[in-house]
Amino acid sequence: MRAFPFAVLAGIFLAACSSSVRPAEQDGTDLWLAAGKPYGEVLASVQTAIDPALPAEGFHIYDAGGARHIDAGSEAGLRYGVYALQRAEALGQAGPGMDLQEKPFYDLRILNHWDNLDDTVERGYAGLSMWEWTAAEIPEARIRRYGELCASIGINGSVLNNVNSNPLMLDAEHIARVAKIADILREYGIKTYISIKWTSPIALDGLKSGDPLDPKVRAWWKDKADEIYAAIPDFGGFLVKANSEGQAGPQDYGRTHADGANMLAEALKPHGGIVMWRAFVYAPTSPDRANQAVEEFLPLDGQFADNVIVQIKNGPVDFQPREPFSPLFGKLRNTKMMMEFQITQEYLGFSNHLAYLGTMWKECLDSDTYRDGPGSSVAKMVTAVAGVANTGQDANFTGYVFAQANWYAFGRLAWNPELSAEEIADEWVRQTFLKPEGMSQKAFDKKFVAPVHDILMASREAVVNYEMPLGLHHLFGGTHYGPAPWDRLGRPDWTPAYYHKADSAGIGFDRTKSGSDNVDQYNEPLASTYENLETCPENLLLWFHHLPWDYKLASGRTLWDEICLHYNRGIQTVEGFRKTWQELKPYVSPALWEETDRKLTIQANDGRWWRDANVGYFQTFSGRPVPEDVEPLRTPIDSLIFRVLLSDRLGMPQHDEEGNPIIVSMRRFRRP
Ligand code: GCV
């Protein structure tokens with residue numbers, strides 16, 4: 001008999017083992033509820049009691065007298081307890097003697113839907129609006145499924161429509177429709193909110209003004225609040241984008257944000273409603289957009305009514321792949337603050353790129369603002385959390401199975417910001433992907449859960465690297481999907497050139513004391529940390545400093561070389577994801593495997609496009625060669641500059657069969 005070497009025998013053995021493994025059929029439409037038992041079954045398996053001594057939304061799961069119990073402070077708490085048990089069972093953490101007592105860290109855990117009444121979704125990459133505003137009936141089955149998904153991770157509020165609102169949202173027809181949605185969401189412990197347009201009294205009832213101190217305007221909003229509460233007794237309140245990006249607001253009448261917010265707060269107060277007033281403000285004339293929220297809101301600290309909460313984006317510019325935390329979190333002392341994260345991946349590859357945002361949000365929540373001395377983390381400064389939803393009509397809600405991880409992570413962090421990004425990633429993978437038949441849990445954990453978890457954990461940094469490393473930011477073209485570092489036409493703070501400031505001397509935004517002085521909006525020791533080149537974190541270097549191309553980084557290499565290396569690293573990381581995914585084929589359903597395989601190919605190709613565009617463009621200033629250990633640029637800058645990605649009518653990027661972005665001339669892009 002012929003003797004086979006050991007490696008060959010081992011290979012035959014492994015092939016035989018994996019051939020007995022059959023991946024479970026699944027298409028991603030069960031999201032993270034895929035692996036758990038149905039809610040009703042879990043509920044039926046326990047003894048329940050409402051105990052008013054427990055926190056209202058809290059619960060206690062324990063074993064006693066031979067039975068499993070869930071005691072809760074309210075019906076909502078009970079629901080969270082049942083879902084916590086379902087999760088623990090799916091994760092193998094619900095063995096005998098289980099004792100788990102929890103309550104949410106934040107009272108308000110809200111999704112913000114940027115859905116329009118024509119059913120489009122601003123920055124939505126999962127199809128049209130899940131609320132189907134233009135249909136005759138509301139989509140009850142989908143709303144119920146959404147309710148379950150939100151409740152299972154503790155989300156308790158939903159703003160149904162875009163902050164760039166439409167006055168018709170407040171007409172009788174839409175209030176009646178919102179009431180129908182609210183009736184369903186209530187069953188899942190979710191309060192309903194609406195984004196309002198400041199000019200609604202003018203548009204709907206012909207008022208002459210929107211001045212918040214005008215008695216007629218005040219009366220209009222009071223009447224409107226009464227009308228809404230007559231239809232929705234537990235209505236949550238209003239979310240407001242005012243005097244921002246062309247939206248009208250109180251400043252148009254010489255009044256302040258506080259005047260505007262307080263007028264609405266007064267109308268909602270008798271009913272128990274709140275106003276979430278956004279701090280996303282900036283004017284094209286300012287030398288630094290990052291300074292403006294503090295400039296406008298700090299003078300108003302202490303002037304907001306007690307049912308107003310100021311909603312602040314995590315970073316001072318706009319949901320970039322990496323930003324420092326917004327300095328406003330460390331400045332307001334007498335104003336309630338709410339975090340605004342963006343779950344939808346406007347700047348991180350839409351629903352095409354795998355980018356787990358748990359790591360990004362933790363970076364922000366854990367940042368120390370030093371407002372009340374060391375230990376004043378952003379998580380402790382805010383009293384509520386909002387996330388811009390990534391949902392749409394797509395059957396899997398989010399357009400990509402891996403985008404579901406971000407909805408999940410948002411809910412889990414809003415419930416408990418002390419959870420780690422690792423724990424959340426691990427939970428999500430185990431609940432989302434079903435273990436194949438014929439595979440032990442141990443083998444599944446090792447061969448599938450661990451590598452997918454590692455992909456998630458590395459993914460956000462990969463995007464930072466291939467889009468805008470070392471503190472670079474806002475290098476985007478029109479739809480915010482691809483690169484356009486050359487763009488300097490139009491409103492300055494909407495062009496990449498405003499942010500990267502590349503010239504023959506170097507690159508980066510000088511936000512030091514001798515620049516825009518943004519560093520001084522941070523409390524010490526951060527102001528000095530960011531100001532000082534020796535202490536400024538390298539991953540924020542070009543956010544705070546304009547540096548020469550030959551500036552030496554910690555590695556001993558020049559800034560130019562490090563920029564090139566970071567772009568390369570981002571692409572290599574995604575190539576690593578692709579390789580791993582090939583190896584995972586035996587363990588995941590063909591539908592999910594193929595979806596991810598195609599999207600990872602797109603992501604790698606998009607990464608090369610980002611690298612070619614940015615390195616190629618910045619090279620026209622640096623005049624330096626791409627280092628030898630960096631993959632050579634694939635497309636010359638002349639074929640990329642002033643060209644854009646072909647997008648469909650909903651703004652979704654188009655790729656060819658090989659997953660390459662279809663780059664077209666601006667002229668073709670503009671054609672309707
Ligand atoms: C809803 C960015 C986005 C806009 C968004 C705005 C906001 O500018 O590109 O689509 O508008 O932020 O948060 O209000």
Side-chain angles (χ1 to χ4, degrees), residues 123-127 320-321 344-355 390 394 398-400 402-403 459-460 462-469 472-487 495-496 500 564 566-578 581 594-619 626 630-672:
R123 312 305 174 186
Y125 315 111
Q320 296 301 289
T344 192
Q345 292 168 229
E346 173 180 355
Y347 295 105
L348 290 100
F350 295 9
S351 53
N352 276 340
H353 292 199
L354 194 165
N390 61 349
D394 280 6
T398 59
Y400 188 8
F402 279 97
S459 58
R460 179 271 187 136
V463 180
V464 170
N465 281 332
Y466 64 68
E467 284 194 352
M468 39 201 86
L472 288 169
H473 49 290
H474 227 311
L475 304 182
F476 296 92
T479 65
H480 295 173
Y481 185 80
W486 44 79
D487 198 352
T495 67
H500 63 66
C564 298
H566 275 76
Y567 277 101
N568 208 51
R569 192 173 301 152
I571 296 162
Q572 291 316 316
T573 309
V574 178
E575 288 298 354
F577 298 165
R578 291 181 70 198
W581 196 248
E594 270 149 34
E595 176 196 22
T596 304
D597 185 53
R598 171 155 169 81
K599 295 214 171 190
L600 287 177
T601 306
I602 287 176
Q603 187 169 2
N605 290 338
D606 286 346
R608 290 196 167 82
W609 171 36
W610 269 97
R611 189 264 325 261
D612 292 354
N614 288 316
V615 172
Y617 179 70
F618 294 141
Q619 197 173 29
V626 171
V630 164
E631 188 186 304
L633 302 189
R634 198 171 57 168
T635 319
I637 188 63
D638 290 349
S639 340
L640 292 173
I641 203 162
F642 299 124
R643 291 165 74 87
V644 292
L645 181 67
L646 189 67
S647 301
D648 73 8
R649 158 183 88 76
L650 295 178
M652 288 304 285
Q654 303 295 295
H655 292 79
D656 66 18
E657 301 234 309
E658 273 80 51
N660 288 302
I662 303 177
I663 313 283
V664 295
S665 74
M666 294 282 260
R667 208 158 26 89
R668 187 162 163 211
F669 178 73
R670 289 217 175 101
R671 205 181 299 145

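Computed from a prediction, not measured in an experiment: that's the story for all the values here. Just so it is clear, the values below take in all heavy atoms, side chains as well, and ignore hydrogens, waters and symmetry mates.
- For the side-chain contact (heavy atoms from CB on, under 4.5 Å) with H566, the qualifying choice from V615, N465, V630 is N465, the only one to do so.
- Applying the ring-ring contact (aromatic ring centres under 6.0 Å, His included) test between H353 and each of Y481, Y400, F402, Y125 identifies Y481 as the sole match.
- With contacts defined as side-chain heavy-atom distances shorter than 4.5 Å, the pair L640/D612 qualifies.
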> Checking ring pair (Phe, Tyr, Trp, His ring centres under 6.0 Å) for the pair H474/Y347: CA distance, chi angles, key distance, verdict?
Replying inline: CA-CA 8 Å; H474 227 311; Y347 295 105; 5.3 Å; yes
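- Checked by atom type and distance alone, the side chain of T344 pairs as donor or acceptor with a backbone atom of R123 at under 3.5 Å.
- Remark: the backbone N or O of S351 is paired with a side-chain donor or acceptor of K599 at under 3.5 angstrom.
- Using a distance-only test at 3.5 Å, with no hydrogens or angles considered, a donor-acceptor pair links the side chain of R460 to the main chain of P321.
- In terms of modelled atom types and a separation under 3.5 Å, the side chain of S639 and the main chain of T635 share no donor-acceptor contact.
- Contact of the T479 side chain with the P653 side chain is not registered, since no non-hydrogen atoms from C-beta on lie closer than 4.5 Å.
- Residues H500 and P485 are in side-chain contact: their nearest non-hydrogen atoms beyond the backbone lie under 4.5 Å apart.
- Atoms OG1 and CD, on T596 and Q603 in that order, are 10.5 Å from each other to the nearest 0.5 Å.
- In this structure the side chain of L475 reaches within 4.5 angstrom of the side chain of F618, judged on heavy atoms.
- In this structure, the separation between CG on L354 and OG1 on T573 is 12.0 Å, given to the nearest 0.5 Å.
- Checked by atom type and distance alone, the side chain of Y567 pairs as donor or acceptor with a backbone atom of E467 at under 3.5 Å.
- The two residues A484 and G477 have their closest heavy-atom pair at CB-CA, 3.4 Å.
- The shortest side-chain heavy-atom distance between L646 and H655 does not fall under the 4.5 Å cut-off.
- For the atom pair CG (N660) and CD (Q654), the distance works out to 13.5 Å, reported to the nearest 0.5 Å.
- Using modelled atom types, no side-chain atom of E631 and backbone atom of N568 make a donor-acceptor pair closer than 3.5 Å.
- Listed here is the closest heavy atom pair of E575 and A604: OE2-CB, 3.7 Å.
- To the nearest 0.5 Å, the span separating CD1 on I602 from CG on N352 amounts to 4.5 Å.
- With hydrogens and angles disregarded, no donor-acceptor distance shorter than 3.5 Å links the side chain of N390 to the backbone of Q345.
- Heavy atoms only, all atoms of each residue included: P661 and L645 are closest at CB-CD1, 3.4 Å.
- You'll find the side chain of R643 stays beyond 4.5 Å of the side chain of V664, heavy atoms only.
- Put simply, the side chain of D487 never gets that close to the backbone of P496: no donor and acceptor are under 3.5 Å apart.
- When atom types are taken as modelled, the side chain of R578 and the backbone of V574 share no donor-acceptor pair closer than 3.5 angstrom.
- Residues I641 and Y617 come closest through the heavy atom pair CD1-CD1, 4.0 Å.
- Side-chain contact between W609 and R634 is absent, with no heavy-atom pair separated by less than 4.5 Å.
- A side-chain contact (heavy atoms from CB on, under 4.5 Å) with R611 is found for exactly one of D606, V626, L633, namely L633.
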